[in-house]
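I have placed the structure first, in the form of structure tokens, so that the comments after it can refer back to it.
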Amino acid sequence: STCPRMRFQDLTVPPVELLRAAFGSSTAEVALTVSCTLANFVMGMGILTCTNVAVESYRRLNRRARYLCALLDLRAARRACLPHLSISSVSQVRAWLVLRQY
């Protein structure tokens with residue numbers, strides 16, 4: 001017994017049949033499928049936007065912390081070309097606390 005040879009024409013499906021298989025045959029099925037797809041897209045974009053905001057705020061806070069550490073450490077201040085803030089008097093402690101607020 002030999003297997004019949006398949007032809008390419010046997011494998012092709014009209015585009016209308018592909019759309020019916022993907023989205024459904026009735027108007028309600030198509031509307032439900034499209035609305036669910038759009039809702040997933042919108043929620044995904046919202047999650048990605050929130051993640052991007054969180055990452056950017058973390059980077060900003062990390063940069064500020066590095067600058068403050070560089071202000072307090074003499075070697076780090078020289079490397080970063082920043083002025084060194086030595087805390088030896090009350091006025092310098094107050095200045096450091098004011099800088100730390102921002």
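Atoms CG and CE, on Asn52 and Met45 in that order, are 10.0 Å from each other to the nearest 0.5 Å. How far CZ of Arg63 is from CZ of Arg59: 9.0 Å, rounded to the nearest 0.5 Å. Expressed to the nearest 0.5 Å, how far CZ of Arg79 lies from CG of Asp73 amounts to 7.0 Å.
Between Ser26 and Glu29, the closest side-chain pair of non-hydrogen atoms falls below 4.5 Å. Looking only at side-chain heavy atoms (C-beta outward), Arg66 and Asn62 come within less than 4.5 Å of each other. Here the side chains of Arg75 and Arg78 are not in contact, with every heavy-atom distance at 4.5 Å or above.
The only member of Thr33, Val34, Leu32 that meets side-chain contact (heavy atoms from CB on, under 4.5 Å) when paired with Cys36 is Leu32.
For the pair Ala54 and Ser57, the tightest heavy-atom approach, listed with the atom from each and the gap, is O-OG, 2.9 Å.
Both Leu38 and Val30 belong to a single network of hydrophobic side chains, linked directly or stepwise wherever heavy atoms of I, L, V, M, F, W or Y lie under 4.5 Å apart.
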